[in-house]
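For reference, the structure is listed below as structure tokens.
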2 protein chains.
Amino acid sequence: MKTLPRKDQIRLKAQVLFREKGYVASSMRDIADTLGIEAASLYNHISSKEEILQDICFSMAESFFVAIEPISTEDIAPDEKLKKAITAHIGVIAANSDASAVFLHEWRHLGNPSLADFKLMRRRYEKIFAAMLEDGIRTKAFRVVDVALTVRTLLSAMNWTYEWYNPKGKVDPTAMSVHICKLMLDGLRS
Amino acid sequence: MKTLPRKDQIRLKAQVLFREKGYVASSMRDIADTLGIEAASLYNHISSKEEILQDICFSMAESFFVAIEPISTEDIAPDEKLKKAITAHIGVIAANSDASAVFLHEWRHLGNPSLADFKLMRRRYEKIFAAMLEDGIRTKAFRVVDVALTVRTLLSAMNWTYEWYNPKGKVDPTAMSVHICKLMLDGLRS
DNA sequence: CCTACCGATCGGTAGG
DNA sequence: CCTACCGATCGGTAGG
């Protein structure tokens, strides 16, 4: 039961506020209140409000890459690989639902150069999924689809799931993953 | 080439700003600047900043209902009905991409009672899609799925499309609809 | 970590 | 539709 470093406590509380009210509408005083200190005291641990947002966004990006990259290089069937990737992605979201919400919605309030870096990382991440789809198309495991469009649809289908881990988990991550895998691979038709 | 009423001009300019910077980060002075007037002058046409957000959110909600409700009562096969509904929904987004972005992301900055009304409308809208899925499951056109979960996945798969009608339309709405219909009904597997 | 405070900006009003 | 202005609040700093 070790107490976290103050900086981590700040990020954790800020995540919840940023998710609930949005980054811009959350003030430093709001964050300080949740910690029982004055707003000015926050600046002993962080240098700016935006630094908190940066920490959240980039550490989440890191988590997604760490989860997905090893899978992308595995030598398994395309449909199995995609399933593992979907499951891993949703697993990261489920384990960090507040941070995921912030990562997904508040990144645009980053200033440059962080904003440009963030967009590049996102493109890199999309390309990993694109490569998995292209592999599947080439080996005839998947039908021919517009890859860019399918990647975006797939990511959107996964990225709303943080909402279900809101206050208390309604559905477990495994069930979500199984559902989305099946829907994306085989569709709704019986 | 009739000039729009000032109030509509305000909403149109605000849509673009709210989409780009978010509702909270967009000031009344920002909006006034795009119209070449002073911030104080806006209050001759609207009563508050939030009223603009309300107008955008509720007029979009209205557009979605107007598009989807007639389809929901048609007497056609479940898969055809779902296709028409997806096409109609994406059509509304494509025709109002700025307002759609605001509708989808900024609604939470509504105050009560608007916020509560908005959430109710959204639930009503989800139920229309849920009923279409349940019909399909009952008649064996669709396989048995978790309906609530599938509705959310489907809506998410459709609702990112406003991004592709950003500055200039990259893809036409018809292509987007065909793609998403096919993916949702038959999946990725060949 | 606090007190005390800064300049900037916010949504909005009064009065014309 | 403008000038002039309001109180509130913002992110952040100085100094201890």
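First the proteins, then the strands, lettered A, B, ... as listed; each starts at 1. Bear in mind the structure is a predicted one, so any value in this text is a computation, not a measurement.
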What integer distance in Å separates B:I52:CD1 from C:dG12:C1'?
12 Å

For the side chain of B:I37, starting at C-beta, report the closest nucleotide among D:dC2, C:dC2, C:dG11.
D:dC2

Can you tell me the distance, in whole Å, between the CG atom of B:D33 and the P atom of D:dC1?
14 Å

For the side-chain contact (heavy atoms from CB on, under 4.5 Å) test, which of A:Q9, A:R6, A:H45 pairs with A:I37?
A:R6

Are any protein N/O atoms closer than 3.5 Å to N/O atoms in nucleotides 5-7 of chain C? If there are, list each pair with its distance.
none

Taking CG from A:L42 and P from D:dG12, how many angstroms apart are they, rounded to a whole number?
10 Å

Please collect all side-chain hydrogen bond (donor to acceptor under 3.5 Å, both in side chains) contacts where either partner lies in residues 64-78 of chain A, sequence neighbours excluded, each pair once.
A:E69-A:R124, A:E74-A:K84

If you count the non-hydrogen atoms of other residues, nucleotides and ligands that lie under 6.0 Å from NZ in A:K13, is the total more than 12?
no

I need the residues from residues 107-116 of chain B with at least one non-hydrogen atom less than 4.0 Å from DNA chain D; give them sorted by number, or say none.
none

Could you please name the option among D:dC1, C:dC1, C:dG11 that lies closest to any side-chain atom of A:H45?
C:dC1

Output the rounded distance in Å from CD1 (A:I46) to P (D:dG12).
8 Å

Determine whether a donor-acceptor pair (N or O, by modelled atom type, separation under 3.5 Å) exists between the side chain of B:S97 and the backbone of B:Y165.
yes

Just so I know, are the side chains of B:I52 and B:F18 near enough to count as touching, which here means a heavy-atom distance under 4.5 Å?
yes

Got a minute to check which stems DNA chain D is part of, using Watson-Crick or G-U wobble pairs under 3.5 Å, three or more consecutive?
C:1-16 with D:1-16

Whole angstrom value for the distance that separates P of D:dC2 from CE of B:M28
14 Å

Criterion side-chain contact (heavy atoms from CB on, under 4.5 Å) on A:D117 and A:F58, from CA distance to verdict:
CA-CA 9 Å; A:D117 289 346; A:F58 286 92; 4.0 Å; yes

For the residue pair B:Y125 and B:H89, does the interplanar ring angle fall in the parallel (under 30°), tilted (30 to 60°) or perpendicular (over 60°) class?
tilted

Within a radius of less than 6.0 Å around NZ of B:K49, do more than 12 heavy atoms belonging to other residues, nucleotides or ligands occur?
yes

Report yes if a side-chain nitrogen or oxygen of A:S27 is closer than 4.0 Å to either non-bridging phosphate oxygen (OP1 or OP2) of D:dT9; otherwise report no.
no

Output all residues satisfying salt bridge (charged side-chain N to carboxylate O under 4.0 Å, His left out) with B:E126, sequence neighbours left out; order by chain, then residue number.
B:R152

State, yes or no, whether a side-chain contact exists between B:L82 and B:L154 at a heavy-atom distance under 4.5 Å.
yes

Set out, line by line, the N/O atom pairs under 3.5 Å between protein and nucleotides 13-15 of chain D.
none

Is there a side-chain contact between A:Y23 and A:E50 in this structure, where contact means two heavy atoms from C-beta onward sitting under 4.5 Å apart?
yes

Between CD on residue B:E20 and CD on residue B:Q15, distance to nearest 0.5 Å:
12.0 Å

Give the rounded distance in Å between these two atoms: CD1 of B:I10 and P of C:dG12.
13 Å

Check the distance between C:dC1's C1' and A:R6's CZ and give it to me in whole angstrom.
9 Å

Nearest listed nucleotide, side chain of B:S41, among C:dC1, D:dG12, D:dC2:
D:dC2

Figure out the CD/C1' separation between A:E50 and D:dG12, and round it to whole Å.
14 Å

Between A:D186 and B:R143, does at least one N-O distance fall below 4.0 Å, as a salt bridge requires?
no

Are B:F103 and B:M121 co-members of a hydrophobic cluster defined by side-chain heavy atoms under 4.5 Å apart?
yes

